[in-house]
J.: 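If you scroll down you'll find the structure; I have some questions about it.
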Amino acid sequence: MNLFVDTICQLTRDALHRLDSERVWATSEIQGLIEQPPDADMGDFALPCFSFSKKLQRSPKQIAEELQNLLVQEDPQEQAFDAQKRLPFSRIQAFGPYLNFFLHAEILARELLPSIFNNPFSKGLISLGRGKDRSEKNRQKVMIEFSQPNTHKGFHVGHLRNAALGDSLCRIHRFNGYEVVGANYFGDVGTHIAKCLWYYLNHCKDSPPEELRGEWLGELYTQSVHLLETLEGEEAQKAQAEISSLLRKMEEKDPELSKVWDETRQWSMDDFEEIYRWLDIRFDHYFYESDVDEEGRQMVLQGEMDGTFILSEGAIGIDLEEENLGFFMLLKSDGNTLYSTKDLALARRKFDQFSIDRSVYVVGAEQTLHFKQVFATLKRLGYAQAEHCYHLPYALVMLPSGKMSSRAGNVILFSEMRKKMREFILQGQLAEQSLEWGTTEVEETAHRIALAAIKYGMLSQDPNKPIVFSMEDWLVSEGDTGTYLVYAYVRIRSIGRQVALEVSDQIDFALLEHPNEKLLMRRMLDFERIVWKSGEQFKPSLLARYLYELCRDFSKAYGTCSVKHAESESLQAARLLLFHCVAEVLKTGLGLLGITPPERM
Ligand code: ARG
């Protein structure tokens, strides 16, 4: 808990009690209301008074004023408030319906900086506004399912949005105290694989390459789709029959076909492993569609026997008219499973084997109806946890030329993007360094810059807004880019190297009196609240925006509050600690977006 917020809660609780002795407000209630005003001129914390209005029977504005009068009351005859408590605030003032609190810069510095310096983010000294909510949710176990690529298809730039989003949400939720299981769910069965293997077995003349075999399978899949489009009449019928037969053999686990399926599937998995390693993304558990296929079928058959599901023209489904979700197909008339079949079994496994309290699915917005239907079906089947399933939809990734489509041939494959970015960075940002540094450091730094650019680009936008992927724009070192943020980080780190001083918290905190220094401290004080909010709202974009603003605040302070040219060594030491803390907050925040900044550039 934030010490200052704690004080505000106690002070206002006592004051509210004096306005109405019957109603006792809990400090935790008040804590949940406190905000940080966007503008420092409005104070460092604000208590909105709307929710007291009904009980106290006066306007929020009037309440704010009365609270102000009570809190700044100096009359010793009055039952005095603890003067010690009021101490951290230089001013307490009503602004319309808000009661605003201004912190003493020195006290803020004394509380904040050592807490970051000595024990970054574990004491929770700089947290704010979590309220009661937090301690309850704290103990919860959350599964976040994300990425879920299909085998036998290429991994492209569009897939990165999901991967970055899911990974960042795992990191943020862990930071916020949840127990997190990051899960993947590979699409390793279905028509797309039959089509790919049909082409591979009957039409492909090349042998697989040494590397990127999964990507190569993706190309075969695309070629297969193209070929199928050109076929007509008998030829087309023959091809369809062959594909159906392959699909049946796959379902029946035909030994010969299983061998090919196993081998090719592994090629895709090898590619994915390599991609995740490069992306610095880890999972705690892998699910496969092939694993839940049969289980799903059994669940549907059982549901039909129980009368929850109904037969419709030979197929099985569920009538969700009551929920306004139409008819949801669960098993084909030929007995084959569907995407939906498998999702029922998958959900059950998640509940049963992992005893999770909350189940999050990061999946594109085009599947919104599907998940509504899945969750409604689970509820009808009697799974109480269905209430705690949540589909996190996200919008498309576009190219400057328009929508990405493998049919139209305008997708950027992951491997292609990675190669281009590396070249771009080595010839751009790191052109000089390439001549001086060893290869390992150059490569590692280029890798980190590329990751920062991609992940920030994918995360800084609200999940429900489309993104235009542009490598050139994302690699610009100025403006709202990941590249800018890692540059800022490196710049802060370099400050320490310019002076012959060690960072220490044995400083004179009163020296940090410049408004730009206070701006930075106030921003850092808000870090944990923002991380909490980003997690609860499933919006890493809030954290991304915060980090961008922190860097802007840093730039301002860097220009006005030089360490190197500070008037005294004590001021140097104070500023050094301040900037060191900014670097720590920035590094922690970037880490929650899945970005590791380089230490020099
Ligand atoms: N592999 C699927 C696709 O590419 C996404 C899977 C989403 N997760 C789920 N539980 N259905 O569309």
Side-chain angles (χ1 to χ4, degrees), residues 142-167 169-170 181-196 214-215 217-218 221-222 225 265 268-269 271-272 275-276 283-293 295-297 299-300 328-330 337-354 356 358-378 381 383 385-386 388-397 404-407 411 413-414 463 538:
V142 185
M143 179 174 279
I144 301 180
E145 183 210 292
F146 67 105
S147 194
Q148 317 111 319
N150 295 329
T151 64
H152 303 73
K153 276 193 188 177
F155 197 100
H156 58 74
V157 164
H159 289 114
L160 289 174
R161 185 169 196 179
N162 185 324
L165 199 54
D167 176 57
L169 286 172
C170 285
V181 186
N184 206 331
Y185 176 50
F186 297 94
D188 61 347
V189 285
T191 326
H192 78 276
I193 297 178
K195 285 185 185 164
C196 173
E215 206 166 83
L217 285 174
Y221 167 71
T222 312
V225 173
R265 172 182 179 272
S268 290
M269 292 304 295
D271 270 20
F272 295 152
I275 290 169
Y276 295 135
F283 296 89
D284 302 298
H285 191 77
Y286 279 175
F287 293 106
Y288 300 91
E289 284 190 22
S290 61
D291 259 2
V292 287
D293 205 22
E295 209 173 301
R297 189 203 315 276
M299 266 177 96
V300 174
F328 190 35
M329 272 283 250
L330 293 167
T337 58
L338 291 159
Y339 183 53
S340 54
T341 326
K342 290 169 270 191
D343 256 320
L344 297 185
L346 176 72
R348 188 172 72 180
R349 279 205 184 186
K350 289 181 178 179
F351 301 149
D352 292 354
Q353 296 180 3
F354 293 87
I356 46 172
R358 224 170 167 194
S359 187
V360 180
Y361 295 72
V362 185
V363 185
E366 68 284 356
Q367 294 192 26
T368 299
L369 175 63
H370 167 80
F371 282 105
K372 281 191 180 155
Q373 292 173 323
V374 170
F375 302 156
T377 306
L378 290 167
L381 286 172
Y383 289 98
Q385 297 100 317
H388 307 288
C389 288
Y390 178 74
H391 168 216
L392 174 66
Y394 60 89
L396 284 179
V397 180
M404 250 195 276
S405 135
S406 31
R407 274 165 193 263
V411 288
L413 286 173
F414 173 81
F538 296 106

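Keep in mind that what you see is a predicted model, and the values were worked out from it rather than measured. Counting starts at 1 for both ligands and their atoms, following the listed order.
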J.: Counting N and O atoms only, with roles assigned by atom type, does the side chain of R348 sit under 3.5 Å from a partner on the main chain of G296, one being a donor and the other an acceptor?
T.: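 Pair absent, no side-chain N/O of R348 close to backbone of G296.
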
J.: Run the numbers for me: atoms of ligand 1, each under 4.0 Å from some heavy atom of Y185, listed by number.
T.: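 Heavy-atom distances to Y185 below 4.0 Å select 8 (N), 9 (C), 10 (N), 11 (N).
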
J.: Under 3.5 Å, side chain of T337 to main-chain N/O of R297, donor-acceptor pair present?
T.: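 Checked: no pair found.
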
J.: Identify the closest protein heavy atom to atom 4 (O) of ligand 1: which residue and atom is it, and at what distance?
T.: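 I find the closest protein heavy atom is N150 ND2, 3.2 Å.
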
J.: Heavy-atom contacts under 4.0 Å between Y361 and ligand 1: side chain, backbone, both, or neither?
T.: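 The side chain, only.
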
J.: Suppose we measure from atom 8 (N) of ligand 1 to each protein heavy atom; which comes out shortest, and what is that distance?
T.: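 Minimum-distance protein heavy atom for atom 8 (N) of ligand 1 reads E145 OE2, 2.8 Å.
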
J.: Taking non-hydrogen atoms only, is F371 closer than 4.0 angstrom to ligand 1 via side chain, backbone, both or neither?
T.: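 Side chain only; the backbone of F371 stays clear of ligand 1.
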
J.: Would you check if the side chain of H391 reaches a backbone N or O of V363 as a donor-acceptor pair within less than 3.5 Å?
T.: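 Confirmed, H391 side chain pairs with V363 backbone.
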
J.: Validate the cation-pi geometry between K342 and Y185: distance from NZ or CZ to the six-membered ring centre under 6.0 Å, angle to the ring axis within 45°.
T.: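 No, cation not above the ring by the 6.0 Å, 45° rule.
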
J.: In terms of the angle between their ring planes, are Y288 and Y286 parallel, tilted or perpendicular, with boundaries placed at 30° and 60°?
T.: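 Taking Y286 first and then Y288, their aromatic rings stand perpendicular (interplane angle over 60°).
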
J.: Taking only heavy atoms of V363, which atoms of ligand 1 are found under 4.0 Å from at least one of them?
T.: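 Answer, ordered by atom number: 7 (C), 8 (N).
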
J.: Would you check the N or O atoms of D343, main chain and side chain alike, for any that come under 3.5 Å of an N or O of ligand 1?
T.: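 Between D343 and ligand 1 (N or O atoms, distance only) the closest approach is under 3.5 Å.
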
J.: Please report whether ligand 1 has a polar contact with Y339, defined as an N or O pair separated by less than 3.5 Å (distance criterion only).
T.: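 Y339 vs ligand 1: N/O contact under 3.5 Å present.
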
J.: Atom 12 (O) of ligand 1: which of H159, Q367, Q148 has the nearest heavy atom?
T.: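 Closest candidate by heavy-atom distance is Q367.
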
J.: Knowing that exactly one of Y276, F287, F283, F538 qualifies, which makes a ring pair (Phe, Tyr, Trp, His ring centres under 6.0 Å) with F146?
T.: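 Option passing the ring pair (Phe, Tyr, Trp, His ring centres under 6.0 Å) with F146: F283.
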
J.: Assign the ring pair F186 / F272 to parallel, tilted or perpendicular, where the plane angle (0 to 90°) is split at 30° and 60°.
T.: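 Taking F272 first and then F186, their aromatic rings lie parallel (interplane angle under 30°).
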
J.: Under a 4.0 angstrom heavy-atom cut-off, which atoms of ligand 1 come close to L346?
T.: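 So the answer, numbered in order with elements, is 10 (N).
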
